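Have a look at the structure below, then the notes.
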Amino acid sequence: MNIEILLQEKITIAIEALFGFTPEKSMVQLQQTRKEFAGDVTFVVFPVVRFAKKSPEETGRLIGEYLVGNTEEVDQFNVVKGFLNLTISNHWWLGILEKAFASPSYGLTPASQDAELVMIEYSSPNTNKPLHLGHIRNNLLGYSLAEILKGNGKKVVKTNIVNDRGIHICKSMYAWQQWGEGRTPENTGIKGDHLVGDFYVMFDQQYKKEIRQLMEEGMAQEAAENNAPSILAVREMLRKWEAHDEETVSLWKMMNSWVYEGFDATYRELGVDFDKIYYESETYLSGKDEVLRGLKEGVFYQKPDSSVWADLTPEGLDHKLLLRSDGTSVYMTQDIGTAKMRFADYPIGKMVYVVGNEQNYHFQVLAILLDMLGYEWGRDLFHFSYGMVELPSGKMKSREGTVVDADDLMADMEKVARKMGEELGKLEGLSEEEATRTYKMIAKGALKYFILKVDPRKNMTFNPEESIDFNGNTGPFIQYTHARIRSVLRKAEETGLSVAVPFAGISLEEKERELLKTISLYPEIVEEAAREYSPAVLANYCYEITRQFNQFYHDHSILNETDPVKRNFRLALSEVVVNILKSGMGMLGIEMPERM
RNA sequence: GCCCUGAUAGCUCAAUUGGAUAGAGCAACGGCCUUCUAAGCCGUAGGUUAUGGGUUCGAGUCCCGUUCAGGGUACCA
């Protein structure tokens, strides 16, 4: 039981006894005492003053006296203005440590047989270009959310919808056909997704050139954009693809296979994975069927040019295109099909889409369309909408070459981690293989923590030159602390020290007391991270407990403590912190090194 | 035009969901390694929370106006 919940009950009883009324739960607000005041937990008196019919100070004093007299957990109190500060007994804090020490999975909820199944869609790449920094945020958030939900006892299926078809894919295919000269990942040594991405850029350059030319010949911009030879060829290619043209399909298969190999390598490096992958090429037809069914049932309507639309004006929205006049499907069409297939494949309790906030409108419409098609779960789809990653120069644009490539970024960071590690000489005893593993771990820790510590809903700025730091509020700072604690614990083991419980009769140092308070919050933080869909909550907590531990570590010795009772307690404290770091950072997808 | 978001220290981010004197890190400056890992610890400096009003015991947080920024409103995805 959490101290705030316990005190909430006790204070409610105190108020009933003292003032003869029962306060609503929302009136009994508790918070951590600010460190400039004495005490552990603070009760804000103001909301009940009106009913107590006494001054805030007097009200606080009476409740404080009652609690000290009637509650064994409360040792002392003081009142500042309308704030009642309560000091909790050492016995209670030591009890927290015993509980945390007893369970390696402290703070986590074990999965039960009847737990809700949550499906999380994330990553969702297009197969026409390599992954960049924006995808990294998506992948890290998706993976981390899945781990956080598992930590809260949910069953989770991680899924990926690969956008492997459509006009954008045909652009790369067309460019390769025109100018590829038979180049492959094998004969060039270029990673498959990068090779295909290069052709996508090539197409765009050619397309722009043609538009310019047509406009010089007097054509209006819009007409030029629709009549450039290369775009006409690409549209023809998409029609052929949808008609199962053999040559087109085999080109498509070949180029996609290059991309998948590239993506797999990036995912592996990033440490993310999926339980089930859907391909748009396998779901869009189901979407088309759904749209046609909707048309037949009169839910949707058709224009004279035979394009199919949904009228969303009753919802306060516009009309939405669902099938083009040439019968080909759009983005929305496939998402309808994918959703339907997923709910047929799995007993989904909750469907979460990890997709950027630029698609808020898309998901609002998707939910409405599925509802119109008669799916009762349509309105329950949850769009986890996260903010964009911006560069100091502004938004990333693939076609303008202002993207930070995912593979390059990870490789660069590994180099920096290695350079720094070698300068510090920390890993000298390790084999080259182990050292490399550790440098990768540190580089990844820095990148992942940097991205996940920010509130996911907000846009964030990433400066490739300056953003990656290994000191201060960073992943490596937390990893370093973990390694330091592990080192102490290894030494304790070597000298045959083991921790004995219970911990009784110990006078607590200030830093120890703070750590115990923070430890007591962990289960709540894990729960909050899931409730708020926010890895950032966990990240910030891990930083806070790390900072506190380092202060404690600096001020007090663990192994050299001469009082065996204290040494025993500090070893247990260290072990609990190390477990929390491993578990908390683990839910962010960040590994903790044994030494660094 | 209309509809969402957002704006906190020079920079990157927090702020227990309306609570006390708005906190961290980076960058700058100054200290601390003969003792469990200095990727650490301590200190100095840095703020009219974009701006003007309002609501109340109390506002970075809620409401209205203004400014600026990002996104959406595609037969792009």
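Each chain gets a letter, A, B and so on, in the order the sequences are listed, and its residues count up from 1. Please read these numbers as outputs of a predicted model, since none were measured by experiment.
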- Item | Most 5' of A/Ala483 and A/His319 on RNA chain B, judged by nearest nucleotide | A/Ala483
- Query: Can you check whether A/Phe83 stacks with the B/G19 base, using ring centres under 5.5 Å and planes within 30°?
  - Reply: no
- Message: If I pick the P atom on B/G60 and the same atom on B/G54, what distance separates them, to the nearest angstrom?
- Response: 15 Å
- For A/Gln334, which contact category applies under a 4.0 Å heavy-atom criterion: base, sugar-phosphate, or nothing? nothing
- Identify the two heavy atoms, one from A/Ala38 and one from A/Asn85, that lie closest to each other, and give their separation to 0.1 Å. O-CB, 3.3 Å
- Query: Using a cut-off of 4.0 Å on non-hydrogen atoms, how would the nucleic acid contact of A/Pro593 be classed: base, sugar-phosphate, or nothing?
  - Reply: nothing
- Taking the inter-plane angle between the rings of A/Tyr301 and A/Trp309 on a 0 to 90° scale, is it parallel (under 30°), tilted (30 to 60°) or perpendicular (over 60°)? parallel
Polar atoms only, N or O, under 3.5 Å: list the protein pairs with nucleotides 41-44 of chain B and their distances.
{"residue": "B/C41", "atom": "O2'", "partner": "A/His554", "partner atom": "ND1", "Å": "2.9"}
{"residue": "B/C41", "atom": "O2'", "partner": "A/His554", "partner atom": "NE2", "Å": "3.4"}
{"residue": "B/C42", "atom": "OP1", "partner": "A/Gln551", "partner atom": "NE2", "Å": "3.0"}

- Task: Begin from the C-alpha positions of A/Ser230 and A/Glu210 and carry the test side-chain hydrogen bond (donor to acceptor under 3.5 Å, both in side chains) through to its verdict.
- Result: CA-CA 8 Å; A/Ser230 60; A/Glu210 289 172 6; 2.8 Å; yes
- Whole-angstrom distance between B/A14 and B/U21, as gauged at atom P: 24 Å
- Query: Side-chain N or O of A/Asn357 less than 4.0 angstrom from OP1 or OP2 on B/G72?
  - Reply: no
- Message: Regarding A/Thr474, tell me which of base, sugar-phosphate or nothing describes its non-hydrogen contacts under 4.0 Å with the strands shown.
- Response: nothing
- Item | A/Trp241 ring center near A/Tyr284 ring center (under 6.0 Å) | yes
- With heavy atoms under 4.0 Å as the rule, sort A/Gln29 into base, sugar-phosphate or nothing. base
- Please check if atom NZ in A/Lys517 has more than 12 non-hydrogen atoms from other residues, nucleotides or ligands closer than 6.0 Å. yes
- Message: Could you report the tightest heavy-atom contact between A/Leu131 and A/Asp193, atom names first, then the distance?
- Response: N-OD2, 4.4 Å
What are the atom names and distances for every N/O pair under 3.5 Å that joins the protein to nucleotides 7-14 of chain B?
{"residue": "B/C13", "atom": "OP1", "partner": "A/Thr461", "partner atom": "N", "Å": "2.6"}
{"residue": "B/A14", "atom": "OP1", "partner": "A/Asp455", "partner atom": "N", "Å": "2.5"}
{"residue": "B/A14", "atom": "OP2", "partner": "A/Lys458", "partner atom": "NZ", "Å": "3.4"}

- Message: Looking at every heavy atom in both A/Val28 and A/Ile11, which two are closest together, and how far apart are they?
- Response: CG1-CG2, 3.9 Å
- Message: Whether the A/Gln359 and A/Tyr331 side chains hold a donor-acceptor pair (N or O, under 3.5 Å, no angle test) is what I'd like checked.
- Response: yes
- Item | Separation of the C1' atoms in B/G30 and B/G70, to the nearest angstrom | 41 Å
- Query: Got more than 12 heavy atoms from elsewhere within 6.0 Å of CD, A/Glu512?
  - Reply: yes
- Message: With rounding to the closest Å, how many angstrom separate the P atoms on B/G25 and B/C41?
- Response: 8 Å
- The glycosidic conformation of B/C33, counting syn as within 90° of 0 and anti otherwise, is syn
- Task: For A/His482, report the nucleic acid contact type (base, sugar-phosphate, nothing); a contact means any heavy atom under 4.0 Å.
- Result: nothing
- Task: Scan A/Glu524 against the nucleic acid and name what it touches under 4.0 Å (heavy atoms): base, sugar-phosphate only, or nothing.
- Result: nothing
- Item | Closest-nucleotide ordering on RNA chain B, the 5'-leading residue of A/Glu390 and A/His168 | A/Glu390
- Message: Using a heavy-atom cut-off of 4.0 Å across all strands, would you classify A/Asn85 as base, sugar-phosphate, or nothing?
- Response: base
- Check every atom of B/C57, B/G71, B/U21 against the side chain of A/Glu36 and return the nucleotide holding the closest atom. B/U21
- Message: Under the criterion of centre distance below 5.5 Å and interplanar angle below 30°, is A/Tyr553 classified as stacked on the base of B/C36?
- Response: yes
- Does A/Lys35 have a side-chain nitrogen or oxygen under 4.0 Å from the phosphate oxygens OP1 or OP2 of B/U21? no
- If you draw a 6.0 Å radius around CZ in A/Arg235, do more than 12 non-hydrogen atoms from other residues or ligands fall strictly inside? yes
- Item | Distance between C1' atoms of B/A77 and B/G19 (Å, rounded) | 46 Å
- When syn is taken as a glycosidic angle within 90 degrees of 0, is B/U17 syn or anti? syn
- Message: Using the C1' atom as the point on both nucleotides, what is the distance between B/A9 and B/A22, in whole Å?
- Response: 11 Å
- Query: Distance between the P atoms of B/C13 and B/U8, in whole angstroms?
  - Reply: 10 Å
- Contact class for A/Arg595 vs. all strands (heavy atom < 4.0 Å): base, sugar-phosphate, or nothing? base
- Query: Taking N and O atoms by type only, does the side chain of A/Asp335 place a donor or acceptor under 3.5 Å from a partner on the base of B/A77?
  - Reply: no
- Query: Donor-acceptor pair under 3.5 Å: do we get one between A/Ser487's side chain and the base of B/C36?
  - Reply: no
- Message: Is A/Phe37 stacked against the base of B/A20, taking the criterion as centroid distance under 5.5 angstrom and interplanar angle under 30°?
- Response: yes
- Item | Range-with-range stems of RNA chain B (Watson-Crick or G-U pairs under 3.5 Å, three or more in a row) | B:1-7 with B:67-73, B:10-13 with B:23-26, B:28-32 with B:40-44, B:50-54 with B:62-66
- Centroid-centroid distance, A/Phe83 to A/Phe37, less than 6.0 Å: no
- Message: Does B/A74 have its OP1 or OP2 closer than 4.0 Å to a side-chain nitrogen or oxygen of A/Arg324?
- Response: no
- Message: Under a plain distance cut-off of 3.5 Å, with no hydrogens placed, do A/Asn128 and A/Ser172 share a side-chain donor-acceptor pair?
- Response: no
- Message: Could you tell me how far B/U51 sits from B/U67 if I compare only their C1' atoms? Round to whole Å.
- Response: 7 Å
- Message: Determine whether the aromatic ring centres of residues A/Phe450 and A/Phe462 are separated by less than 6.0 angstrom.
- Response: yes
- Message: Less than 4.0 angstrom between a side-chain N/O of A/Arg34 and OP1 or OP2 of B/G23, yes or no?
- Response: yes
- How would you label the contact of A/Leu317 with the nucleic acid (heavy atoms, under 4.0 Å): base, sugar-phosphate, or nothing? nothing
- For A/Glu544, answer base if it contacts any base atom (sugar-phosphate contacts may also be present), sugar-phosphate if it contacts only those atoms, and nothing otherwise; contact means non-hydrogen atoms under 4.0 Å. nothing
- Query: Within 45 degrees of the axis of the six-membered ring of A/Tyr386 and under 6.0 Å from its centre: does A/Arg137 put its NZ or CZ there?
  - Reply: no
